[in-house]
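What follows is a short report on a single structure.
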There are 2 protein chains.
Amino acid sequence: MSKAITPTLRGTRAQEDYLEQILTLIENKGYARVVDIAHNLGIAQASVTGMIQRMDADGLVAYEKYRGVILTEAGEEIAREIVRRHESLVEFFALFGLDEHSIYDDIEGIEHHMSQPILAAIQALTGELERQPALLERVKKKIAGCA
Amino acid sequence: MSKAITPTLRGTRAQEDYLEQILTLIENKGYARVVDIAHNLGIAQASVTGMIQRMDADGLVAYEKYRGVILTEAGEEIAREIVRRHESLVEFFALFGLDEHSIYDDIEGIEHHMSQPILAAIQALTGELERQPALLERVKKKIAGCA
DNA sequence: AATATAAGTTAGTTGAGACTATATTTTGAT
DNA sequence: ATCAAAATATAGTCTCAACTAACTTATATT
């Protein structure tokens, strides 16, 4: 029923977090080290090793002991999808003056649970609000009143 | 930093799901049976018993063997908050023609991860879109194009 | 080239939260 | 009041994903 548009066999939620970090690290630094993944996710190094082995078994990454990790095609596809969602959400919430840092936990939660139609709705709304500063201002005022 | 407005010690995500179901059942039928909670959450009865005992230990529900479950004050506060979020999200996504059933999984995911400012933003946007059918139509067209 | 330090791995444990199979208790019908 | 059926509880197991402690490999400095 709620089959994703991309019919990828998505990993677990935690695995998606790992994939996102790994892709980001590879794009920023050229490689993804266990220690950096652990640091970025706020968990212990040993936990990362364990998960990477599971993800290798699941075909999401290619892993060789003491050498680096790289994404498989399947893993990269999922990673890019998550990053795309993350960025859409940051862009959306930034409209309301919420900075990326203060909404990090929210986005973390939401990005794993957003179906394609909902993502499309968010993106469409982002576009409209960017084009209508007056509307955006009204919304922001209401938010200020609530908080 | 991301302290909730309601400074409640929220339960785990799973516990929030239970609380939501329990509150809904109590309001609809006057009581919450284990068998109904299990059915609504799509899990086994025995799993519910186990969780309810944990939640009793955590002070979220009051539980007596073979008698019913009721919410404590703390539990009810959390339950009402989750229900409120759930309803706000349904209202929002319904704007775009997405029915409650088809977005159930999304909302399930999101409702546990939404901070107060983001909830306020969603609610404010819902209000604006209800008042601007033309804008809503444009957004809906874009969504149709994406899917 | 030797060795200190950083990075990575292994082993063993924990807790959440689900499961099945098996009791036990409550309830409703006779 | 009895007894079958429905509801609930217990016991024991499983997986995921984290942890610490201890060990191994890689690297960098001299």
Side-chain angles (χ1 to χ4, degrees), chain A residues 9-22 25-26 28-71 75 78-79 82 105 108-109 111-113, chain B residues 9-22 25-26 28-71 75 78-79 82 105 108-109 111-113:
Chain A
L9 304 164
R10 18 190 351 186
T12 64
R13 196 214 135 130
Q15 286 177 341
E16 290 182 357
D17 284 337
Y18 277 80
L19 289 171
E20 179 178 8
Q21 280 309 319
I22 292 167
L25 283 167
I26 287 176
N28 287 349
K29 327 182 40 172
Y31 54 87
R33 288 183 313 173
V34 167
V35 68
D36 292 327
I37 299 169
H39 177 261
N40 289 359
L41 293 175
I43 61 182
Q45 284 186 24
S47 309
V48 174
T49 299
M51 177 59 106
I52 282 176
Q53 289 169 352
R54 254 172 279 149
M55 289 170 74
D56 179 272
D58 293 349
L60 298 172
V61 302
Y63 150 83
E64 245 176 310
K65 272 194 197 177
Y66 295 103
R67 310 294 301 259
V69 204
I70 58 172
L71 296 167
I78 297 171
I82 294 290
D105 288 345
E108 242 318 293
E111 68 190 359
H112 300 286
H113 293 285
Chain B
L9 303 164
R10 14 184 3 181
T12 65
R13 196 214 135 134
Q15 286 177 341
E16 289 182 356
D17 284 338
Y18 277 80
L19 289 171
E20 181 179 7
Q21 279 310 320
I22 292 168
L25 283 167
I26 287 175
N28 288 347
K29 327 181 41 171
Y31 54 87
R33 287 183 314 173
V34 167
V35 69
D36 292 327
I37 299 169
H39 176 261
N40 289 358
L41 293 175
I43 61 182
Q45 289 185 17
S47 308
V48 174
T49 300
M51 176 59 105
I52 281 176
Q53 289 170 352
R54 254 172 278 149
M55 290 169 75
D56 179 90
D58 294 348
L60 298 171
V61 302
Y63 150 83
E64 245 176 310
K65 271 193 197 178
Y66 294 103
R67 310 294 298 262
V69 204
I70 58 172
L71 296 167
I78 296 171
I82 294 289
D105 288 344
E108 241 320 292
E111 68 190 1
H112 300 285
H113 292 286

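What you see is a predicted model, and the numbers here were worked out from it, not measured in a lab. By convention in this document, chain letters (A, B, ...) are assigned in the order of the sequence lines, proteins followed by strands, and residues within each chain are numbered from 1.
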Report task. Anything under 4.0 Å to a heavy atom of chain B counts; send over the first and last such nucleotide of DNA chain C, read 5' to 3'. Result -> dA16(C) to dT26(C)
Requested in this report: Determine: side-chain N/O of Tyr18(A) to OP1/OP2 of dA18(D), distance under 4.0 Å, yes or no.
Outcome: yes
Report task. Give Ala44(B) one of three labels, base, sugar-phosphate or nothing, depending on what nucleic acid heavy atoms sit under 4.0 Å from its own. Result -> base
Query raised in the report: Want to settle it: does Arg13(A) or Arg67(B) sit nearer the 5' end of DNA chain D, counting the closest nucleotide to each?
Result: Arg67(B)
**Report entry** Rounded distance [0.5 Å steps], NE2 in His39(B) versus CD in Gln45(B)
**Finding:** 11.0 Å
Requested in this report: Identify which one of Glu16(B), Arg10(B), Glu20(B) satisfies the side chain to side chain donor-acceptor pair (under 3.5 Å) criterion when paired with His112(B).
Outcome: Glu16(B)
**Report entry** Nearest-nucleotide 5' precedence on DNA chain D, Gln45(B) against Ala14(A)
**Finding:** Gln45(B)
Query - Gap separating the CD1 atom of Ile22(B) from the CG atom of Asp17(B), nearest 0.5 angstrom - result: 10.5 Å
Query raised in the report: Using a cut-off of 4.0 Å on non-hydrogen atoms, how would the nucleic acid contact of Arg54(B) be classed: base, sugar-phosphate, or nothing?
Result: base
Query - Length of the CZ-P vector between Arg33(B) and dA6(D), whole Å - result: 12 Å
Query - N or O in side chain of Tyr63(B) less than 4.0 angstrom from dA9(D) OP1/OP2 - result: yes
Query raised in the report: Atom NE2 of His39(A) and atom P of dA18(D): how far apart are they, to the nearest Å?
Result: 16 Å
Report summary line: OH of Tyr31(A) to CD1 of Ile26(A), rounded to nearest 0.5 Å, is 11.5 Å
Query raised in the report: Is there a donor-acceptor contact under 3.5 Å from the side chain of Asp56(A) to the main chain of Tyr63(A)?
Result: yes
Query raised in the report: Taking OP1 and OP2 of dT10(D), is either one under 4.0 Å from a side-chain nitrogen or oxygen of Thr49(B)?
Result: no
Query raised in the report: Distance-only, no hydrogens or angles: does the Arg54(A) side chain make a donor-acceptor pair with backbone N or O of Gln15(A) under 3.5 Å?
Result: no
